[in-house]
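Since the structure is predicted, the reported quantities are computational estimates derived from the model, not experimental observations.
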Amino acid sequence: MDGLLLYYDRAIAVCDKPVGVLSEPGSARNLPDLAATALAERGEAGELRTVHRLDKAVGGLCVLARTGEAAGKLIAQIADRSAQKEYFAVLRGRPEADAAELEDLLFHDSRVNKTYVVRRPRKGVRTAKLSYRVLDSTERDGQALTLVRVRLHTGRTHQIRAQFSARGLPLLGDVRYGSRDPRCEVSLRACYLRFLHPETGKPMEFFLPPPREYPWDLFEAAVYEP
């Protein structure tokens, strides 16, 4: 469990969620169980509660609650958007603007587990908003690749993946949204979290660069600065 737990106290545990691990408890390998095991190895028993999700294929920063009260307060911060979440992503292609805000109407079809950008409001359609800035770009096998840092202003299912794909900029390796790469899965990492501690009210801030492996190592380490 080395490297899984980045910070913990009696109310919260901040983790580096591995790719391929579920965010919520269940029969499959999941973060709350892994974190509980890591805490038990340190003599810290107790159940952990999920307060926000990362897709199974996405790794990086995730905060868990260690008490029901902490869970309620963290969920409220995420719901009212006072908590901040940012991601690194590698796009296949190059955006027209080096920085922009994207706003769309999204519909998630649970039958196929895919999110679509749609033109008109209807049942199940929700507004989605994010902002991004370009950090670096490169070319591989004749294809432009762009590293962006993304801030979520809403938290919709597959939001980042769907919004960029709708603009012809799917995330590298994201087969579901049109970008196959046998060397990687979805090129998306949760890199920044900011929230108020649910007990003390103190601002808590965490930054985590991606591992130096494909595709993140296509870009200089210096661009992954806080």
Side-chain angles (χ1 to χ4, degrees), residues 3-26 28-39 46-89 102 104 106 108 110 113-115 126-132 149-164 171 174 185-210 226:
L4 181 79
L5 288 173
L6 303 176
Y7 171 87
Y8 67 90
D9 58 31
R10 67 181 187 179
I12 63 173
V14 178
C15 305
D16 178 4
K17 185 185 91 64
V19 171
V21 169
L22 296 175
S23 296
E24 298 175 299
R29 190 165 176 253
N30 64 84
L31 184 61
D33 285 352
L34 292 178
T37 299
L39 284 169
E47 181 184 358
L48 287 146
R49 297 165 172 83
T50 302
V51 298
H52 68 109
R53 292 181 62 254
L54 294 177
D55 294 340
K56 182 180 178 181
V58 177
L61 285 172
C62 193
V63 60
L64 300 170
R66 298 189 67 189
T67 68
E69 182 180 4
K73 290 182 177 180
L74 288 171
I75 290 170
Q77 290 184 54
I78 292 165
D80 69 16
R81 304 176 191 172
S82 56
Q84 294 180 15
K85 295 186 287 182
E86 296 185 11
Y87 298 76
F88 290 124
L102 308 182
D104 294 293
L106 298 187
H108 181 71
S110 58
N113 192 26
K114 189 172 180 180
T115 297
R126 306 177 74 184
T127 300
K129 185 185 295 186
L130 61 79
S131 54
Y132 76 86
R149 183 160 172 172
V150 180
R151 173 173 290 187
L152 281 181
H153 303 294
T154 55
R156 312 304 183 208
T157 302
H158 295 183
Q159 177 180 336
I160 296 172
R161 300 162 66 181
Q163 286 193 267
F164 280 110
L171 274 60
D174 193 353
E185 293 191 66
V186 182
S187 299
L188 186 64
R189 292 280 305 184
C191 66
Y192 176 80
L193 271 177
R194 188 182 188 280
F195 56 90
L196 299 181
H197 193 281
E199 284 191 350
T200 67
K202 175 185 175 183
M204 306 292 289
E205 189 173 36
F206 299 91
F207 174 79
L208 183 67

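The shortest heavy-atom contact between Phe195 and Ala83 is CB-CB, 4.2 Å. Nearest approach of Arg66 to Ile12, heavy atoms of both residues: CD-O, 3.6 Å. Minimum heavy-atom separation, Leu5 to Cys15: CD2-SG, 3.9 Å. The minimum heavy-atom distance linking Gly3 with Asp16 is given by the pair O-CB, 3.7 Å. Heavy-atom minimum distance, Val21 versus Arg29: CG2-NH1, 3.2 Å. Between Gln163 and Leu102, the shortest heavy-atom contact is NE2-O, 3.4 Å.
For His158, the ring pair (Phe, Tyr, Trp, His ring centres under 6.0 Å) partners two or more places apart in sequence, or in a different chain, are His108, Tyr177. In terms of the side chain to side chain donor-acceptor pair (under 3.5 Å) criterion, residue partners of Glu86 (sequence neighbours excluded) are, by chain and number, Arg149, Arg151. Contacts of Phe164 classified as ring pair (Phe, Tyr, Trp, His ring centres under 6.0 Å), with partners at least two apart in sequence or in another chain: Tyr132. Annotation: side chain to side chain donor-acceptor pair (under 3.5 Å) contacts of Ser131 (sequence neighbours excluded): His153. Residues forming a ring pair (Phe, Tyr, Trp, His ring centres under 6.0 Å) with Phe206 (at least two apart in sequence, or on another chain): Tyr7.
For the pair Thr154 and Arg81, the minimum side-chain heavy-atom distance is below 4.5 Å. A heavy-atom distance below 4.5 Å is not found between the side chains of Val186 and Asp55. Contact annotation: the side chain of Leu61 approaches that of Leu6 to within less than 4.5 Å [non-hydrogen atoms, C-beta and beyond]. Side-chain contact between Lys56 and Leu22 is present, with heavy atoms from C-beta onward closer than 4.5 Å. Thr115 has its side chain out of reach of Arg156: every pair of non-hydrogen atoms, C-beta onward, lies at least 4.5 Å apart. Inter-residue side-chain proximity for Leu39 and Leu48 is flagged as met; some heavy-atom pair is nearer than 4.5 Å. Side chains of Val14 and Met204 form no contact here, defined as non-hydrogen atoms less than 4.5 Å apart. Looking at heavy atoms from C-beta onward, Leu208 lies out of side-chain contact with Cys191 at the 4.5 angstrom threshold.
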Extract all donor-acceptor atom pairs below 3.5 Å that involve side chains of residues 70-79 and protein atoms in other chains or at least two apart in sequence.
from  : atom 1 : to     : atom 2 : distance (Å)
Lys73 : NZ     : Glu69  : OE2    : 3.3
Lys73 : NZ     : Pro198 : O      : 3.2
Gln77 : OE1    : Leu196 : N      : 2.8
Gln77 : NE2    : Leu196 : O      : 2.8

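For the atom pair CD (Glu199) and CG (Asp9), the distance works out to 7.0 Å, reported to the nearest 0.5 Å. Here Tyr87 contributes atom OH and Leu171 contributes atom CG; the two are 12.0 Å apart, rounded to the nearest 0.5 Å. Rounded to the nearest 0.5 angstrom, Leu31 CG and Thr50 OG1 are separated by 7.0 Å. Once rounded to the nearest 0.5 Å, the distance linking CD1 of Ile160 with OG of Ser187 reads 12.5 Å. A distance of 11.0 Å separates CG in Leu64 from CZ in Arg49, rounded to the nearest 0.5 Å.
For the pair Gln159 (side chain) and Lys129 (backbone), a donor-acceptor distance under 3.5 Å is present. Asp80 places a side-chain N or O within donor-acceptor distance of the main-chain N or O of Ser82, the cut-off being under 3.5 Å. Using a distance-only test at 3.5 Å, with no hydrogens or angles considered, a donor-acceptor pair links the side chain of His52 to the main chain of Val63. Remark: side-chain polar atoms of Ser23 are paired, donor with acceptor, to backbone N or O of Leu54 under 3.5 angstrom. Although no hydrogens or angles enter the test, the distance criterion places a donor-acceptor pair under 3.5 Å between the side chain of Asn30 and the main chain of Asp33.
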